[in-house]
Amino acid sequence: MACFWWTEGGFRMGFLSRVSAVAQVVTICSGLAACSDTPVLQGIAEIEANRAVAVLDTAGIPARKHAEESGGTGTTFRVVVSSDEVARSVQVLHTSGLPRREEPGFAETFGQPSLVQSASEERARTAQSSAGELARTLERIDGVLDARVHIALPSAEDQPLDGQPGQSPSASVLLRCAGSRSPIDESAVRRLVASSVVGMRPDAVTVVSVATPTAPSSSLQLSYVGPIAVARASASSLRWLLVSAVALNIVLAVALLWFALRRRSAASDETAPAES
């Protein structure tokens, strides 16, 4: 309740102090609401977070990365956007093939070898590590969003005993490329894969490339807040700013009205004894 009382120094306006507190609360609440960010990626490496922020920025979506501690696996990152841009951000990231999946290479595959390995287990681990390293290499090519490599190594049982040439290794490669058509030279990919596996011929490598439409460019996405047209990412902030401004004006108007009424009442109380 508002408290006004008369002293020699005039009015002590406890009501106005409460009005100031209410105004501060309204401003803080509106600021928190305007800054309500939603994570679209979590637990990713910093290089993937940088790629995601760059792709979203190109699409006209403001994004930020934040570090997060993830136990014993080191520091990971999350990417956050405005709550109004979550759906479009997910679509843009999916179209761009982000975050990229890290295929296990030699270091991951042979990091903790078992004590006793069978021939088939060793062959499978070798094929997996080679495929992972090749996938990482292919993803470094400009225009390649994602790469999957499968390598088939023949076993000793598949080799003939009469000295005839046996079965050679083979591989299949799936590339997801940006753009309406694949910019990859498939013959170059065959040579690259074949030269990385002993005994593999380029004609034993099958390459399948899939073109994926690129994410939309940074065209300005407008949204209307009443008669005002603003960028879609700023619509939520503007909406809460207007709400807080209206609320603050109402609070201040009520405070001024109350203060004027109390002054008038105090003036009436002063003139009444003088007339009597």
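Hydrogens, waters and symmetry mates play no part in the numbers below; they use all other heavy atoms, side chains included. Computed from a prediction, not measured in an experiment: that's the story for all the values here.
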Just so I know, are the side chains of Pro202 and Ser187 near enough to count as touching, which here means a heavy-atom distance under 4.5 Å?
no

If you compare all heavy atoms of Ala52 against all heavy atoms of Leu93, which two are closest, and at what distance to 0.1 Å?
CB-CD2, 3.8 Å

Are Glu85 and Arg88 close enough for a salt bridge, meaning some N to O gap below 4.0 Å?
yes

Does Glu48 come within less than 4.0 Å of Arg51, counting only side-chain N to carboxylate O?
yes

According to a hydrophobic-cluster definition based on side-chain heavy atoms being under 4.5 Å apart (Ile, Leu, Val, Met, Phe, Trp, Tyr only), do Val86 and Leu98 belong together?
yes

For the side chain of Asp57 and the backbone of Val53, is there at least one donor-acceptor N/O pair under 3.5 Å apart?
no

Given the rule that I, L, V, M, F, W and Y join up when any side-chain heavy atoms are under 4.5 Å apart, are Val90 and Leu41 in one cluster?
yes

To the nearest 0.5 angstrom, please state how far the CG atom of Asp146 sits from the OG atom of Ser96.
12.0 Å

Over all atoms of both residues, closest heavy-atom pair of Arg78 and Val80:
NE-CG1, 4.0 Å

Could you walk me through whether Arg148 and Arg176 satisfy the side chain to side chain contact (heavy atoms under 4.5 Å, CB included) test, starting with their C-alpha distance in whole Å, then the side-chain angles of each, then the deciding distance to 0.1 Å, before giving a yes or no?
CA-CA 9 Å; Arg148 296 295 301 273; Arg176 195 159 69 92; over 6 Å; no

Compare every heavy atom of Ala63 with every heavy atom of Val79, then report the nearest pair and how far apart it is.
CG1-CB, 4.1 Å

Judged by atom type as modelled, is there a donor-acceptor pair below 3.5 Å linking the side chain of Glu68 to the main-chain atoms of Gln42?
no

Closest heavy-atom contact between Ala67 and Thr75?
CB-CG2, 3.9 Å

If only atom types and distance count, is the side chain of Ser265 paired as donor or acceptor with the main-chain N or O of Leu261 below 3.5 Å?
no

Looking only at non-hydrogen atoms, find the nearest pair between Leu192 and Leu134 and report the distance.
O-CD2, 4.3 Å

dist Arg190:CZ -> Asp185:CG (nearest 0.5 Å) comes out at 9.0 Å

Could you tell me whether His94 atom NE2 has more than 12 heavy atoms of other residues or ligands within 6.0 Å of it?
no

Are Val92 and Phe77 in one and the same hydrophobic cluster, where Ile, Leu, Val, Met, Phe, Trp and Tyr link if side-chain heavy atoms are under 4.5 Å apart?
no

side-chain contact (heavy atoms from CB on, under 4.5 Å) with Val149: which of Leu174, Leu138, Val189, Val205?
Leu138

Rounding to 0.5 Å, atoms OG (Ser168) and CE (Met200) come to a distance of 7.5 Å

If we ignore hydrogens and angles and just use 3.5 Å, is the side chain of Ser130 paired with the main-chain N or O of Ala127 as donor and acceptor?
no

Quickly, which of Leu175, Ile184, Val193 forms a side-chain contact (heavy atoms from CB on, under 4.5 Å) with Val207? Name it, please.
Leu175

Where is the tightest heavy-atom contact between Val144 and Ala147, given as atom of each residue plus distance?
CG1-CB, 4.4 Å

Does any part of the side chain of Leu153, heavy atoms only, come nearer than 4.5 Å to the side chain of Ile151, both counted from C-beta?
yes

